[in-house]
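Each remark here refers to the structure printed beneath this line.
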Amino acid sequence: MSAALFACCCSCGDIMDRDKNMQIIIKYGHKARFDFKQDTYTVYYQNGDAKEVPLQLNQDERNDLVNKYYEQKLSKMDSVTVFEDTCGGLATHPIEVFFTTHKRKHQVTIGDSCDVFKAPGDVQGYRMHKYLWVIMSMLEDRRIVRELPPSDIVD
């Protein structure tokens, strides 16, 4: 009976230790930026203009992004993680993801001209890919984001 109680407490402790006020910033090269804490999405243009729109994430969406961060074990990644672009083609500007929680800061850099997540056995890459897919789906579901003119910057 005490073993079952211990297992339950460990599970509850993990959930209670999640930072619901975490900051997530994703920079898509020089083209766009998603800011979770500011609740904005910004697209940049060659002429120096930028169009920023409020995302108006509801509490369920915010909780989902935080929970998925912990469920995908992204909090266990190294402070600086790089998924190399192995295409050998022209250099591109990578996707940079910055996470800040009450316990730590870490940065993930992803080469974006190939599918860098297909390396066999790359569990971290798979988890990061899955997390970015959740965020991109959430952004693409927003009409205000879909109606923004796309960036004309060529990375």
Side-chain angles (χ1 to χ4, degrees), residues 9-85 91-119 122-155:
C9 289
C10 286
S11 173
C12 295
D14 179 49
I15 291 172
M16 292 179 69
D17 198 35
R18 294 180 178 187
D19 184 357
K20 295 290 184 184
N21 295 313
M22 71 185 296
Q23 169 135 4
I24 306 164
I25 294 175
I26 303 174
K27 295 180 180 179
Y28 301 94
H30 293 101
K31 295 179 181 184
R33 172 186 167 113
F34 164 75
D35 190 321
F36 178 69
K37 191 160 186 138
Q38 299 299 318
D39 200 22
T40 58
Y41 182 74
T42 308
V43 176
Y44 300 98
Y45 302 95
Q46 283 184 5
N47 65 4
D49 286 349
K51 294 195 187 284
E52 181 178 281
V53 295
L55 293 173
Q56 300 173 333
L57 299 173
N58 64 44
Q59 195 58 48
D60 287 341
E61 290 170 318
R62 297 181 77 72
N63 289 342
D64 189 41
L65 286 181
V66 170
N67 289 335
K68 292 234 184 316
Y69 168 82
Y70 289 99
E71 289 166 10
Q72 294 301 323
K73 298 180 178 18
L74 300 180
S75 62
K76 309 281 187 209
M77 293 175 87
D78 293 338
S79 294
V80 176
T81 304
V82 177
F83 295 103
E84 296 284 342
D85 181 352
T92 61
H93 295 283
I95 298 170
E96 296 176 295
V97 186
F98 302 90
F99 297 101
T100 305
T101 69
H102 63 285
K103 288 191 171 187
R104 68 185 296 238
K105 292 180 179 185
H106 62 114
Q107 174 182 343
V108 178
T109 303
I110 305 158
D112 69 344
S113 69
C114 314
D115 192 351
V116 297
F117 297 115
K118 293 280 186 180
D122 186 357
V123 175
Q124 283 186 332
Y126 173 75
R127 289 177 176 160
M128 191 67 212
H129 181 264
K130 201 169 172 182
Y131 188 73
L132 288 175
W133 184 84
V134 168
I135 291 175
M136 291 306 298
S137 296
M138 194 176 291
L139 291 175
E140 289 170 1
D141 284 346
R142 296 215 144 23
R143 191 178 86 204
I144 195 165
V145 171
R146 286 191 317 266
E147 290 177 350
L148 279 173
S151 176
D152 58 357
I153 295 175
V154 179
D155 278 342

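Count residues from 1 along the sequence.
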Holding to side chain to side chain contact (heavy atoms under 4.5 Å, CB included), I want the full list of residues that pass it with N47, two or more places apart in sequence or in another chain. Y45, D49
Looking only at heavy atoms, what is the nearest atom pair of N21 and D19, with distance? N-OD1, 2.9 Å
Are the side chains of D141 and M138 in contact, using a 4.5 Å heavy-atom criterion? no
What one should report as the nearest heavy-atom pair of K31 and I153 is CE-O, 3.0 Å
Give the C-alpha distance, both sets of side-chain angles, the deciding distance and a yes or no for side-chain contact (heavy atoms from CB on, under 4.5 Å) between V97 and L132. CA-CA 9 Å; V97 186; L132 288 175; 4.1 Å; yes
Return the OG1 to CD distance between T40 and E52, rounded to the nearest 0.5 Å. 4.0 Å
M22 side, atom CE; F36 side, atom CZ - distance, nearest 0.5 Å: 7.0 Å
Can you sort out the partners of R143 under side chain to side chain contact (heavy atoms under 4.5 Å, CB included), two or more places apart, ordered by chain and number? R146, E147
Atom CE of M77 and atom CE of M128: how far apart are they, to the nearest 0.5 Å? 6.5 Å
Would you say the side-chain atoms of S151 pair up with the backbone N or O of Y44, donor to acceptor, closer than 3.5 Å? yes
Sequence neighbours excluded, which residues qualify as salt bridge (charged side-chain N to carboxylate O under 4.0 Å, His left out) partners of E61? R142
When rounded to the nearest 0.5 Å, the distance separating CD1 of I110 from OH of Y28 is 9.0 Å
D64: salt bridge (charged side-chain N to carboxylate O under 4.0 Å, His left out) partners, not counting sequence neighbours: K68
d(R33 CZ, I26 CD1) to nearest 0.5 Å is 10.5 Å
Once salt bridge (Lys or Arg N to Asp or Glu O under 4.0 Å) is applied, what residue pairs with a partner in residues 128-140 remain, sequence neighbours excluded? none
Identify, with sequence neighbours excluded, every residue that meets side-chain hydrogen bond (donor to acceptor under 3.5 Å, both in side chains) alongside T101. none
Side chain of D35, backbone of K37: donor and acceptor closer than 3.5 Å? yes
Do the non-hydrogen side-chain atoms of L55 and V145 ever get within less than 4.5 Å of each other? yes
If the condition is side-chain hydrogen bond (donor to acceptor under 3.5 Å, both in side chains), which residues does Y41 pass it with, not counting sequence neighbours? none
Residues at least two apart in sequence or cross-chain that pass side chain to side chain contact (heavy atoms under 4.5 Å, CB included) with N63, listed by chain then number, are K20, Q59, N67
Distance-only, no hydrogens or angles: does the Q46 side chain make a donor-acceptor pair with backbone N or O of D152 under 3.5 Å? yes
At what distance, to the nearest 0.5 angstrom, does NE2 of H129 lie from CD of Q72? 11.5 Å
Pairs involving residues 99-109, ordered by first then second residue, that meet salt bridge (Lys or Arg N to Asp or Glu O under 4.0 Å) (sequence neighbours left out): D17-K103
Got a sec, which residues hit side-chain hydrogen bond (donor to acceptor under 3.5 Å, both in side chains) with D39, two or more places apart in sequence or on another chain? none
Report the residues that fulfil salt bridge (charged side-chain N to carboxylate O under 4.0 Å, His left out) with R127, sequence neighbours left out, ordered by chain and then residue number. none
With sequence neighbours left out, write down each residue that passes side chain to side chain contact (heavy atoms under 4.5 Å, CB included) with T109, or none if nothing qualifies. V82, P94, E96, Q107
Ring geometry between Y69 and Y131 (parallel below 30°, tilted from 30 to 60°, perpendicular above 60°): perpendicular
List the steps and the verdict of side-chain contact (heavy atoms from CB on, under 4.5 Å) for L148 and I144. CA-CA 7 Å; L148 279 173; I144 195 165; 5.9 Å; no
